[in-house]
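Okay, so here's the structure we're looking at.
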Amino acid sequence: MTKKAVILVSGGLDSATVLAMAIDQGYECYTLSMDYGQRHRIELDRAKKVSAANGAKEHRVVRIDIGNFGGSALTDRDINVPTEESDDIPITYVPARNTVFLSAALGWAEVLEAKAIFIGANAVDYSGYPDCRPEYIEAFQNLANLATKAGVEGETIRIEAPIIHLTKAEIIAKGLALGVDYSLTISCYNPRTDGKICGECDSCRIRAEGFNAAGKIDPAISR
């Protein structure tokens with residue numbers, strides 16, 4: 001029997017790796033991207049390309065404009081994307097984003113009778129977002145068990161976060177071993193109008209450090 005999974009794909013490095021990992025585990029993958037009012041909308045195009053390149057069974061984009069609430073540099077054009085590191089949770093944090101994303105994925109997973117949802121949350125080389133921590137994933141797993149018909153009937157939909165404890169270099173190495181084409185991905189929070197990365201935001205910095213630590217050249221730089 002075919003085992004299905006819903007994969008949250010943003011168009012970035014982490015989710016592309018997680019998609020490849022799910023496919024490697026034998027899942028028939030249904031990829032889901034969210035149009036949430038993000039400024040860096042180029043990621044939606046990249047998510048579509050990543051999904052196609054990795055053999056996703058179906059790719060969907062769901063519009064849930066949480067950007068209407070404001071409060072994040074990723075949705076508010078009057079808030080500058082920071083270029084300096086901070087010890088605080090950065091302004092690029094989008095309130096409740098992963099909770100909204102996982103809730104949408106949970107709905108689709110139930111309809112598909114999928115056994116798992118994969119998310120590229122990472123708690124090592126990341127920006128300090130509260131919804132990327134292991135305890136958050138555990139809490140959402142408990143919610144999924146309680147809030148779904150599948151969970152009540154004993155058919156648990158597992159929330160998989162396979163890269164949550166990996167460094168960025170380890171994620172890149174894993175992805176390359178699985179054949180991920182990172183030239184298709186974009187991690188930049190503030191890309192130029194021509195699609196080039198800014199090279200200055202937190203996400204660009206973490207990605208660059210990851211490729212350097214892995215001893216690899218980022219193929220997306222030359223795009």
Does the [X] side chain pair with the main chain of [Y], one donor and one acceptor, at a distance under 3.5 Å?
X: Ser72; Y: Leu74; answer: yes
X: Asn54; Y: Ala20; answer: no
X: Gln38; Y: Thr75; answer: no
X: Asn122; Y: Val124; answer: yes
X: Arg39; Y: Asp76; answer: yes
X: Asn145; Y: Gly151; answer: no
X: Glu110; Y: Ala150; answer: yes
X: Glu43; Y: Ser187; answer: no
X: Ser15; Y: Ser10; answer: yes

Output yes when [X] and [Y] qualify as a salt bridge under the 4.0 Å nitrogen-oxygen rule, no when they do not.
X: Asp181; Y: Lys49; answer: no
X: Asp131; Y: Arg133; answer: no
X: Arg41; Y: Asp35; answer: yes
X: Arg205; Y: Glu200; answer: no
X: Glu170; Y: Lys168; answer: no

Residue pair Arg207 / Thr185, side-chain donor-acceptor N/O under 3.5 Å: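 Short answer, yes.
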Donor + acceptor pair across side chains of Glu138, Asn142 (<3.5 Å):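 The criterion, which ignores hydrogens and geometry beyond distance, is not satisfied for Asn142 and Glu138.
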Exercise: identify the closest heavy-atom pair between [X] and [Y]:
X: Pro134; Y: His165; answer: CG-CE1, 3.6 Å
X: Gly195; Y: Ile186; answer: O-CD1, 3.9 Å
X: Ile89; Y: Pro130; answer: CD1-CD, 3.9 Å
X: Ile7; Y: Ala22; answer: CD1-CB, 3.6 Å
X: Ile157; Y: Ala114; answer: CG1-O, 3.8 Å
X: Ala121; Y: Ile137; answer: CB-CD1, 4.3 Å

Between [X] and [Y], is there shared hydrophobic-cluster membership here, with clusters defined by ILVMFWY side-chain heavy atoms closer than 4.5 Å?
X: Leu102; Y: Met34; value: yes
X: Leu106; Y: Val62; value: yes
X: Ile79; Y: Ile66; value: no
X: Met21; Y: Tyr30; value: no

Roughly how far, to the nearest 0.5 Å, is [atom2] of [Y] from [atom1] of [X]?
X: Lys4; Y: Tyr27; atom1: NZ; atom2: OH; value: 13.5 Å
X: Glu155; Y: Glu153; atom1: CD; atom2: CD; value: 8.0 Å
X: Leu8; Y: Asn98; atom1: CG; atom2: CG; value: 8.0 Å
X: Ile119; Y: Cys132; atom1: CD1; atom2: SG; value: 7.0 Å
X: Ile172; Y: Leu166; atom1: CD1; atom2: CG; value: 11.0 Å
X: Thr31; Y: His59; atom1: OG1; atom2: NE2; value: 5.0 Å

Could you check if a side-chain atom of [X] sits within less than 4.5 angstrom of a side-chain atom of [Y], using non-hydrogen atoms only?
X: Ile217; Y: Phe211; answer: no
X: Phe69; Y: Pro95; answer: no
X: Cys188; Y: Cys201; answer: yes

Lys3, NZ atom: more than 12 neighbouring heavy atoms under 6.0 Å: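 Atom NZ in Lys3 is crowded, with more than 12 foreign heavy atoms closer than 6.0 Å.
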Atom CD of Gln25 with >12 non-hydrogen neighbours under 6.0 angstrom: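 Yes.
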Residues Leu176, Tyr182; criterion side-chain contact (heavy atoms from CB on, under 4.5 Å); working and verdict: CA-CA 8 Å; Leu176 291 174; Tyr182 286 123; 3.8 Å; yes
Mutual orientation of the aromatic rings belonging to Tyr129 and Tyr189 [parallel < 30°, tilted 30-60°, perpendicular > 60°]: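 Tilted.
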Aromatic plane relationship, Phe140 with Tyr136 - under 30° parallel, 30 to 60° tilted, over 60° perpendicular: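 Rings of Tyr136 and Phe140: tilted, 30 to 60°.
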Ile117/Arg158 under side-chain contact (heavy atoms from CB on, under 4.5 Å): CA gap, chis, key distance, verdict: CA-CA 6 Å; Ile117 296 168; Arg158 297 188 311 279; over 6 Å; no
Derivation of the salt bridge (Lys or Arg N to Asp or Glu O under 4.0 Å) call for Asp65 and Arg63: CA-CA 6 Å; Asp65 194 358; Arg63 181 171 176 76; 3.3 Å; yes
